[in-house]
Amino acid sequence: MIPKLSLKAVSKTYPGAEIPAVDAIDLQVGAGETLALLGPSGCGKSTTLNMIVGLERPGAGRIEIDGRDVTDQPAGQRNVGLVFQDYAVFTSMTVRQNLAFGLAVRRQPRAAIARAVDEVAELLGMSDRLEARAADLGGSEMQRIAIGRTLVTRPAILLLDEPLSNLESAARLAMRRELRRLQKEIGLTIVYVTHDQIEALSLADRIAVMQAGRIRQIEAATRILSEPAHSFVASFLGEPPMTLLPGTLRDGIFEAGALRLPLVTDLPAGALTLGLRPQALRITAPEGAALSGTLRQLEPRGPEAVVTLDCAGRAIKVVVPSGTALPEPGQRAGLAVPDTALVAFDGDTNLRLSARIRMGEAA
Ligand SMILES: Nc1ncnc2c1ncn2[C@@H]1O[C@H](COP(=O)(O)OP(=O)(O)OP(=O)(O)O)[C@@H](O)[C@H]1O
């Protein structure tokens, strides 16, 4: 099947920049799918969106919509809608005038415009607000109009660039639900840019994690937390994320600075980054534990707490149910490390290694 949107080895280097903002990315989005581009500030998310909509031209590579090469097509001909976080709503106009704007500038017949506006207003639950002045609306209504203004043009693909980041948290939750409903009702194909993992996990079918202009992993939202393919993904996702220990494996001992861990594994000796999942570790008595340290910090988070242990100079985080009996800060604690808590990444490529790995006995 032809994907709705396809990026093939797309790169972009801004004039004067030494490194590409987007570096040979491959991406496919299916019809009706929501894909989140997730990554830290400056990783190339907005540049990618701007190339899809046609505001930036790729330096190399190819962009296809419904199997057609649009790489050199002007933005106006691509039928791609883009909504930014600053909702660009005309405050001097009414809701109706705002929604009609995109079709009016395209000189559509008035009756067709009125029909499209009514349809979208109904879809957004704003039919009774059409005559209100946009200036009198709250943030989430403004953002709904911004999305509505794009929807009236019936875009083949809707691009959303951090659309909820200007809203306060209750409005953000409501808009998230609203977007989910719109996806289902009109089967929109959406590319959603965010640096917020919760937003990506709750809205997207698949998540593409970007770092330094590269896509490190594309994975189903339901799997990416448990199956990171790259150490960056492991360090960026999860609350708290995995503890990553870059080090060396030699003769069954993993060394990260002063920290030494016995490992049973068929991995070859060499550079290795060991990941420890905070949710899978357990606090135990220090005596006889293969891994132990000093309790440094306890952060309550509702039903859970995050405990930080200093293990030979490395901070290791553990999630415990709140109310768990713990040593006092400054005292020693041991860690039980089940096999499920351990993930190995190649120390050079940062890619996940599939070899079996478990903790050995304390020396
Ligand atoms: N118009 C531009 N001219 C020159 N450099 C740019 C331009 N736009 C972005 N960049 C640079 O390209 C890189 C990627 O930026 P981009 O805005 O795509 O990242 P982002 O992931 O969307 O980040 P943010 O969330 O902060 O917007 C950054 O190093 C940025 O400084």
Side-chain angles (χ1 to χ4, degrees), residues 5-29 34-63 70-72 74-76 78 80-88 139 143 146-147 150 155 157-169 172 175-176 179 189-204 206-219 221 224 228-239 241 350:
L5 172 70
S6 173
L7 272 62
K8 297 179 177 166
V10 168
S11 295
K12 171 85 191 174
T13 305
Y14 286 106
E18 280 175 16
I19 50 165
V22 170
D23 194 359
I25 64 172
D26 290 300
L27 191 65
Q28 299 203 325
V29 188
T34 295
L35 179 105
L37 287 180
L38 174 69
S41 184
C43 70
K45 306 181 295 292
S46 299
T47 303
T48 303
L49 274 203
N50 289 339
M51 289 192 286
I52 297 170
V53 78
L55 295 176
E56 294 285 356
R57 211 192 165 287
R62 191 178 154 97
I63 301 175
V70 300
T71 320
D72 294 317
R78 291 192 192 187
V80 174
L82 173 60
V83 177
F84 300 97
Q85 81 185 66
D86 309 312
Y87 2 83
Q143 191 55 294
I147 293 170
T150 305
I157 303 166
L158 179 63
L159 308 180
L160 299 168
D161 194 349
E162 305 263 6
L164 309 186
S165 49
N166 278 355
L167 304 179
E168 36 89 23
S169 67
R172 206 177 313 149
M175 272 307 284
R176 229 192 264 162
L179 281 172
T189 305
I190 298 177
V191 180
Y192 190 101
V193 158
T194 181
H195 62 268
D196 178 342
Q197 56 173 305
I198 305 289
E199 218 162 275
L201 288 164
S202 58
L203 271 171
R206 284 187 307 149
I207 298 178
V209 180
M210 288 189 76
Q211 180 206 20
R214 300 269 179 92
I215 292 180
R216 297 303 186 194
Q217 184 174 8
I218 306 181
E219 185 58 81
I224 199 156
H230 187 280
S231 63
F232 175 76
V233 178
S235 71
F236 192 70
L237 279 123
E239 202 39 59
N350 295 312

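Both counts, for ligands and for their atoms, begin at 1 and track the order of listing. Residue indices begin at 1 and follow the sequence shown.
Here the shortest heavy-atom pairing between G61 and T71 reads O-CG2, 3.8 Å.
E56 has a carboxylate O that lies under 4.0 Å from a charged side-chain N of K12, or vice versa, which qualifies the two as a salt bridge.
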Ligand 1 N/O to protein N/O, distances under 3.5 Å:
from	atom 1	to	atom 2	distance (Å)
ligand 1	8 (N)	Y14	OH	3.4
ligand 1	18 (O)	T47	N	2.9
ligand 1	18 (O)	T47	OG1	2.5
ligand 1	19 (O)	G44	N	3.1
ligand 1	21 (O)	G42	N	3.4
ligand 1	21 (O)	C43	N	3.1
ligand 1	21 (O)	G44	N	3.1
ligand 1	21 (O)	K45	N	3.0
ligand 1	21 (O)	K45	NZ	2.9
ligand 1	22 (O)	S46	N	2.8
ligand 1	22 (O)	S46	OG	2.8
ligand 1	23 (O)	G42	N	2.7
ligand 1	25 (O)	K45	NZ	3.4
ligand 1	26 (O)	S41	OG	2.6

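Residues satisfying the salt bridge (Lys or Arg N to Asp or Glu O under 4.0 Å) test with E199, not counting sequence neighbours, are none.
With rounding to the nearest 0.5 angstrom, the CZ atom of R214 is 9.0 Å from the OG atom of S11.
Taking the side chain as every heavy atom from C-beta outward, V83 and Q143 approach each other to under 4.5 Å. A 4.5 Å side-chain heavy-atom check between L38 and L237 finds at least one atom pair inside the cut-off.
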